[in-house]
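See structure below.
Note that the coordinates shown come from a computational prediction; the quantities given were computed from them, not determined experimentally.
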Amino acid sequence: MAALAVTQTVGYGVLYYAFAVLLLPMARSLHAAPATVTGALTASVLAGAVMAVPVGRWLDRRGGRALMTAGSIAATGLVVAWARVHTVGQLYLVLVGIGITSAMVLYEPALAVVVSWFGPARRAKAVLAVIVVAGFASTIFMPLTGGLLDRYGWRTTLLILAALHGTVTIPLHALAVRKPPQPVARQCPPTPQDHALVVRAALHDRRFWWLAVAFVAHGAAMTAMTVHLVGFLVHERHPATFAATVAGLLGVLSVTGRLLLTGVQRRLPLPYVVGVVFTVQATAALALLAVGRSRVGVTVAVVAFGIGFGVASLVKPTVLADRYGTSAYATINGILATPITLAKAAAPLAAAGLLSTSGGYPAMLAAISVTCLLAAIGITARASSPAPVPEHRAPPASATFGPIDAS
């Protein structure tokens, strides 16, 4: 758990957050528009979405050690290649490669390893520990990257970050990621047929598709708000420094929200607590329209919205593992991750389309509010329904990891 907390912090810092800091100097060096260079990051995200399902299947059948170690090695090499690009085409190729390797080393595989390792009593705390630490990746690496950029330029900065990434993530993934301990009662590990049966049962479960609606809608709303919040605040005649500072609260509040959720879920059913959080976010998005000119009002609304900002990354592993067990968790999670990632990639563009119409920011914020409400409906729909039952070849109940395994 400690090793993955460190590798996720470094991985997100180098493979994702550094891009935003290096965007403008890269664009000048490559003689390209910032929007063109930004498209490389979108291509990277889409490449990761394509890899989600095959990576999940690999994790369920072979574990994460080889995959995450190989991904770390490849990602380190690709960051070195990133430092040496001289055309936009080369940049796109390298960033697509980084997107593929990110799918092998970042949250989805890391949390799949954590879910498979820890039992229900400790799983939520383990997931929380990893994502709380990794939640500070932007806080650490964006200033670090900026400092290196000012002193060495963007190419040397990437070489330094590549060295840091390789030095930290490769040995930790190789040495710390192991196959989970098998319960004494388990007579034999699940077969590929067992995995397939669990996945098939999940896909025939209506609750699964409501969860898909919730996480896709919430992911889209969070990405759209992240990209366009600063623009909205500047449009409301706030200084750019104030707008950036308030928008930066979202990252800090994501950690706060996760900690609060973990404390509350001990007393109340998790889906309904999350439904309330998503509803508060819907209200906060609309409230921005009413208090947009007030610094205090804007700050309060952003705080209310930010409390739910990082909730999905904590809730999704817990909900999926509790309902479907861990034997096919990574595959099921990968099936969900693909549309979620696509929604995150498309949402800022869709929001920009709304901004270009006569509706402007009111239309965009209304759309974000409706999307958050849709997420609230999805996370609570059929929450009390029984877990699905695979058709046959189920393991003995004494050998189970979760509700679906017991069937």
Side-chain angles (χ1 to χ4, degrees), residues 1-8 11 15 47-78 97-120 122-123 126-127 130 165-166 168-203 316-317 320-321 324-338 341 390 393-396 399-402 404-405:
M1 182 182 67
L4 289 173
V6 172
T7 63
Q8 294 309 290
L15 303 180
V50 172
M51 290 296 295
V53 174
V55 164
R57 289 173 179 166
W58 176 285
L59 289 166
D60 281 333
R61 296 176 182 179
R62 298 177 179 86
R65 185 177 190 176
L67 181 79
M68 299 185 77
T69 303
S72 297
I73 294 171
T76 300
L78 284 164
I98 287 177
I100 292 172
T101 55
S102 295
M104 300 165 64
V105 299
L106 294 183
Y107 263 168
E108 303 302 342
L111 295 183
V113 169
V114 171
V115 165
S116 68
W117 186 272
F118 293 95
R122 301 176 63 198
R123 185 182 298 136
V127 170
V130 172
H165 184 272
V168 173
T169 64
I170 294 172
L172 285 179
H173 285 153
L175 299 175
V177 178
R178 303 185 301 277
K179 289 185 177 181
Q182 297 288 344
V184 175
R186 183 179 287 279
Q187 298 176 355
C188 60
T191 66
Q193 291 80 9
D194 295 325
H195 287 134
L197 288 170
V198 174
V199 172
R200 188 180 303 122
L203 294 179
K316 183 156 66 75
L320 293 181
Y324 305 114
T326 60
S327 64
Y329 167 84
T331 301
I332 296 170
N333 182 64
I335 293 170
L336 267 184
T338 300
T341 306
R393 282 189 59 89
T400 65
F401 276 3
I404 197 168
D405 296 326

Worksheet item: Looking only at heavy atoms, what is the nearest atom pair of V113 and G64, with distance?
Response: CG2-CA, 4.2 Å
Worksheet item: Taking all atoms of both residues into account, what is the closest heavy-atom pair of P317 and V115, and its distance?
Response: CB-CG2, 3.9 Å
Fill in: For A330 against L59, the heavy-atom pair lying closest together
CB-CB, 3.6 Å
Discussion item. Is there a side-chain contact between L320 and L336 in this structure, where contact means two heavy atoms from C-beta onward sitting under 4.5 Å apart?
Written reply: yes
Worksheet item: Can you tell if the side chain of V199 reaches within under 4.5 Å of the side chain of I335, non-hydrogen atoms only?
Response: yes
Worksheet item: Any donor-acceptor pair under 3.5 Å linking the side chain of Q8 with the backbone of V105?
Response: yes
Fill in: Exercise: identify the closest heavy-atom pair between A112 and Y329
CA-CE2, 3.5 Å
Item to complete: Any pair with a residue in residues 62-76 that passes side chain to side chain donor-acceptor pair (under 3.5 Å), sequence neighbours left out, goes on the list, sorted by first then second residue, please.
Response: S72-H173, T76-H165
Worksheet item: What's the verdict on side chain to side chain contact (heavy atoms under 4.5 Å, CB included) for K316 and E108, showing C-alpha distance, side-chain angles and the deciding distance?
Response: CA-CA 10 Å; K316 183 156 66 75; E108 303 302 342; 3.4 Å; yes
Fill in: Pair L78-L15, side chain to side chain contact (heavy atoms under 4.5 Å, CB included): steps then yes or no
CA-CA 10 Å; L78 284 164; L15 303 180; over 6 Å; no
Fill in: Atom pair CH2/CE of W58 and M68 - distance to nearest 0.5 Å
13.5 Å
Fill in: Which residues share a side-chain hydrogen bond (donor to acceptor under 3.5 Å, both in side chains) with D60, sequence neighbours left out
T331
Worksheet entry | Smallest separation among heavy atoms of L197 and R200, with atom names | CD2-NH1, 3.1 Å
Worksheet item: Backbone N or O of G71 within a donor-acceptor pair of the T101 side chain at under 3.5 Å?
Response: no
Worksheet entry | Sub-4.5 Å side-chain heavy-atom contact between V114 and R123 | no
Practice prompt. Indicate the atoms forming the closest heavy-atom contact of L172 with A3, along with that distance.
Written response: CD1-O, 4.0 Å
Worksheet entry | Heavy-atom side-chain proximity of T341 to V50 below 4.5 angstrom | no
Practice prompt. Measure the CG-OG1 distance between L106 and T169 for me, rounded to the nearest 0.5 Å.
Written response: 10.0 Å
